Q: 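This is the structure I have questions about; it appears just below.
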Amino acid sequence: MHWADVLADELLKEDKKHVLATGITPSGPIHIGNMREILTTDAVYRSLIKKGGKGELIYVADDYDPLRKVYPYLPKSYEKYVGMPISDIPCPCEKHKSYADHYLISFLNSLKEIGVEPHIYRANKMYKNGDYNKAIQIAMDNTDKIKEIIQKISKRELPKGWIPFNIRCEKCKKMTTVKAVLYDYPTIEYKCDCGYEGKVDIRKGGVGKLPWRVDWPARWKMLGVTFEPFGKDLGTAGGARDTGKKIVEEIYGYPAPKYTVYEFIMLKGKGAMHSSKGTALSAGEMLDMTPPEVLRFLLMNNQPGKHLMFDSGLGLLNLVDEYDKQERVYFGKEEETKGMKDLKKTYELSQPYNIPKTIPYQLPYRHLVTLAQIDKKWDKVKKILLRTGQIPKDLSKQDEKHLKQRTEHVRYWLDNFAPDMVKFEVKKKPPKVDLTKEQKKFLLSLIEKLPSVDWEAERIHNIIYETSEKEKIPIKTAFKTIYQIILGQEKGPRAGFFLSNLNKDFVLKRVEEAVK
RNA sequence: GGGCCUGUAGCUCAGCUAGGUAGAGCAUCUGGCUUUUAACCAGGUGGCCAAGGGUUCGAAUCCCUUCAGGCCCGCCA
C-alpha cells in the first residue's frame, strides 16, 4: 500500500472532517524542505478524499514571526528591523507589500504549478483580527503549568518571569526586547529595552505573539488540525512536537494531531546542502528546473521517512526518464519491472491536476535538452519538431502545453544548473577555427552530397560516415569538424539527429563558408 | 547524551505499510550494429538481504540485541 493511503486510513478511523495542516515561516528563501512538507500533506489529503473522507488542506504562513537576525542575503540596513514581525518589515525588492510577502508570494505561485491549492492562513492577520485572543488568555492563565511542561520535557531552563506571550513594544515595534512586569487580566504591564514602559490589553489583537512552542498547539485547537507532518528536526525528543502535544492536551483540551516525520532532501552535484554557506536550493528554483509532475513523482515515490537525494545535474535527466517510464507502464505501453512499487497510486499522486485518460505524448527529455539549445523559444522548437516529424501535426492542445512547459523547465535547467558537457550554442556566425587540410577535404567532399540528402537524422548520419570513409578520414575527425564549424567546440549532441533539427540551408551555407 | 533514518549485486538503490521463487539502473562480460555523445539492441555473470537471537509452516520483510554509517536536537524541513 502507498504510504499516503496508510496515513489516510489512519485518519479515516475517525469519521469526521479532517484538517490537514502544513506551514512555514517565510523569513527567507523558501527551501525545498517545505516542498516535501506540503506535498506530503497534499498526498494524504488526496488519498483521504479519494477514499470518501472529508477533509481540508490548509497552509499557515507564520508571517507574524519576528525577524531573528540580519541574514547574509539581507542589506545591513535591516539591522533596525530585527525583532519586528516580518509582515511589518518592508520588502527587500520593494515590489511586495512586506518582507514576508517577498518570500511567500512566489512560493504560493509555485504551489499552483504543482497542483496544490490549500486554504491559506496568515498568522499576522489571525493575530491582528484577534483570532488568537482566547488562546492567549488561556496560555496566560496557565503560565506556570506551561512553563513547567516546557522545562520538564525540553529540559530547558526558562528565565524568571517568563510568560507564554511575547509582547510587542508599542513604541519600537519589536517583540524580542520586552519584559513583562505584571499580568492582571486583561492587561500586562511591560518594560522594553528601548526604554519604553507600557501596558497591553490582551483582548486586543496584534499586541504580541505566542512563542513557537505554544503557538503551534494553540493553532491546532483553533483550526481543528487533525494531521500535520513535520521535519525531523522538530521530531526530536523534547522538541516542539513533544511539548506541543502535552500543551494542547492539558492546557487546550484538544487531542494532538496525527503526523508523520519526514526526512530532509539532500543536494547532489553542488555539494551537501549548507544553508549557512548559501548552497541551499530554494523551492522555487527546484520547481523551475523540474517539470512539476516529475518533482511530485520524486516525493510520491519515496516514503517521507526516507532521505532523498536531489541531483540538479545529469541526475535530473534520469529522474525525468524514470518518470516517463512509469508513465508508459501505467498506460500499459511497457512491462512493469519488479521494483516498481505502488506504481498506479504513485503515478496518480504525481499529477498536479487531472489524471490523463490516455498517455501524454512523450518526447525523450534529452532530445528536448538539445532542441532547447538550438532554439530557445517553444514556437521555434515546435517548428523543428513538426518539420522532423518528431511530433504529429495533430498534436493535442494538452500535449502541446505539456511539451512547452517541459521546454521551459529544460531552459531554466540549462541556464542555471546543467553541467557544461551537455551545453552548446549554435553560432550565428561561423566560429573562427583553423581547419586542417584533412578537415577541409572532408567538408569539400561532404558538400557535394549534402544538397541531395533527405534532411533526416539517419540519412545525414550515413552521409557523414560514407564521406569520411571515402576520404579516408577518421570518423572522429569528421564529427569534430562538424561541431567546430557549427558550435565552435569539439563535441556535441548526436550529429545526425542534431543536424536534422537545424535548417538545411543554414548547414549548407555554414559548410561552404568554412571551406572558403 | 537524546531522537530519527539507513545498512540488499562492484556502485546507486527498489522490495519492508499485505510475511510466500531476491529485483532495477549503472558497471562488467558475450553477441549484434560502419553510429562520436552518460551511445544503441539482444543476452549473460554477479547477493549468507550488516551480525546474532526470537515469532512463524514460512522472515530481506515483524520483534529484541549488537555493530557500522548518516542526519537532527541554538526556531533552517
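Note that the structure is predicted; figures quoted are calculated from it, not measured. Chain A is the first sequence line, chain B the second, and so forth, proteins listed ahead of strands; every chain is numbered from 1. Values below: all heavy atoms of this structure, side chains included; hydrogens, waters and symmetry mates excluded.
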Q: Would you find a donor on one side and an acceptor on the other, under 3.5 Å apart, between the side chain of Asp88(A) and the backbone of Met84(A)?
A: no
Q: Could you tell me how far G53(B) sits from A60(B) if I compare only their P atoms? Round to whole Å.
A: 14 Å
Q: Say you pick atom P in G23(B) and the same atom in G47(B); how far apart are they, in whole Å?
A: 14 Å
Q: Could you say whether the aromatic ring of His461(A) and the base of U35(B) stack, counting only centre distances under 5.5 Å and plane angles under 30°?
A: yes
Q: Once you apply the 3.5 Å cut-off to both distances, tell me the Watson-Crick or G-U wobble partner of G25(B), or none.
A: C11(B)
Q: Within this structure, what is the CD-to-P distance between Gln303(A) and C13(B), rounded to whole angstrom?
A: 16 Å
Q: From the options U37(B), C5(B), U17(B), select the nucleotide whose nearest atom is closest to the side chain of Val6(A).
A: U17(B)
Q: Atom CD1 of Ile150(A) and atom P of C75(B): how far apart are they, to the nearest Å?
A: 12 Å
Q: Nearest heavy atom decides the nucleotide; on that basis, is Gly315(A) or Glu37(A) closer to the 5' end of RNA chain B?
A: Gly315(A)
Q: What orientation do Phe498(A) and Tyr483(A) show, parallel under 30°, tilted 30 to 60°, or perpendicular over 60°?
A: tilted
Q: Heavy atoms only, 4.0 Å cut-off, all strands: where does Gly239(A) land among base, sugar-phosphate and nothing?
A: nothing
Q: Whole Å only: how far is the CG atom of Leu308(A) from the C1' atom of U12(B)?
A: 14 Å
Q: Just call it for Ile475(A): base, sugar-phosphate, or nothing, with non-hydrogen atoms closer than 4.0 Å on any strand.
A: nothing
Q: Nearest of C75(B), U35(B), U37(B) to any side-chain atom of Trp212(A)?
A: C75(B)
Q: Checking Arg406(A) against Asp324(A) for the salt bridge (Lys or Arg N to Asp or Glu O under 4.0 Å) test, could you report, in this order, the C-alpha distance in whole Å, the side-chain angles of both residues, the deciding distance, and whether it holds?
A: CA-CA 12 Å; Arg406(A) 282 197 165 191; Asp324(A) 285 348; 3.1 Å; yes
Q: Which part of the nucleic acid, if any, lies within reach of Gly238(A) when heavy atoms closer than 4.0 Å are counted: base, sugar-phosphate only, or nothing?
A: nothing
Q: How do Asn318(A) and Ala237(A) order along RNA chain B: which one's closest nucleotide is nearer the 5' end?
A: Ala237(A)
Q: Is A42(B) paired to anything, Watson-Crick or G-U wobble with both distances less than 3.5 Å, and if yes, which nucleotide?
A: U30(B)
Q: Expressed as a whole number of angstroms, how long is the span from Arg36(A):CZ to C76(B):P?
A: 19 Å
Q: Give the ring-plane orientation class for Tyr99(A) versus Tyr103(A), where under 30° counts as parallel, over 60° as perpendicular and anything between as tilted.
A: perpendicular
Q: Where the side chain of Tyr71(A) is defined as all heavy atoms beyond and including C-beta, which of A77(B), G3(B), C76(B) is the nearest nucleotide?
A: C76(B)
Q: Grab the two heavy atoms, one from Gly496(A) and one from His461(A), that are nearest each other, plus how far apart they are.
A: N-ND1, 3.5 Å
Q: When the C1' atoms of A27(B) and U12(B) are considered, how many whole Å apart are they?
A: 11 Å
Q: Rounded to whole angstrom, note down the P distance from G70(B) over to C13(B).
A: 14 Å
Q: Given U37(B), is OP1 or OP2 found less than 4.0 Å from the side-chain N or O atoms of Lys476(A)?
A: no
Q: Tell which nucleotide pairs with C4(B), taking only Watson-Crick or G-U wobble pairs whose two distances are both under 3.5 angstrom.
A: G70(B)
Q: Hey, can you tell me if Tyr78(A) and Tyr81(A) have their rings parallel, tilted or perpendicular (30° and 60° cut-offs)?
A: perpendicular
Q: Measuring only the P atom in each nucleotide, how far is U6(B) from C48(B)? A whole number of Å is fine.
A: 23 Å
Q: Expressed in whole Å, how much space separates the C1' atoms belonging to A59(B) and C49(B)?
A: 11 Å
Q: Side chain of Thr236(A) only, heavy atoms from C-beta on: which candidate in G70(B), A38(B), C72(B) is closest?
A: C72(B)
Q: Sort out for me which residue in Arg122(A), Arg168(A), Lys209(A) forms a salt bridge (Lys or Arg N to Asp or Glu O under 4.0 Å) with Asp65(A).
A: Lys209(A)
Q: So, under a plain 3.5 Å distance rule, would you say the side chain of Arg366(A) forms a donor-acceptor pair with the base of A39(B)?
A: no
Q: Could you give the CD1-to-P distance, from Ile86(A) to C76(B), as a whole number of Å?
A: 12 Å
Q: In whole angstrom, what separates Tyr262(A)'s OH from A77(B)'s C1'?
A: 4 Å
Q: Write down the distance between CZ (Arg241(A)) and P (C75(B)), rounded to a whole number of angstrom.
A: 19 Å
Q: Give me the distance, rounded to whole Å, that separates C29(B) from A39(B) when you measure between the P atoms they each carry.
A: 14 Å
Q: Do NZ/NE/NH1/NH2 and the carboxylate oxygens of Asp63(A) and Lys125(A) come within less than 4.0 Å?
A: no
Q: Expressed in angstrom and rounded to an integer, what is the separation of Glu322(A) atom CD from U12(B) atom P?
A: 17 Å
Q: Counting only side-chain heavy atoms from C-beta out, which of G70(B), G74(B), A14(B) sits nearest to Asn302(A)?
A: A14(B)
Q: For U65(B), which nucleotide is its Watson-Crick or G-U wobble mate, given both distances must be under 3.5 Å?
A: A51(B)
Q: Which of these nucleotides, A38(B), G7(B), U35(B), is closest to any side-chain atom of Lys306(A)?
A: G7(B)
Q: Strictly by Watson-Crick or wobble contacts shorter than 3.5 Å, is anything paired with C16(B), and which nucleotide is it?
A: none
Q: Write down the distance separating the P atoms in C16(B) and C62(B), rounded off to the nearest Å.
A: 9 Å
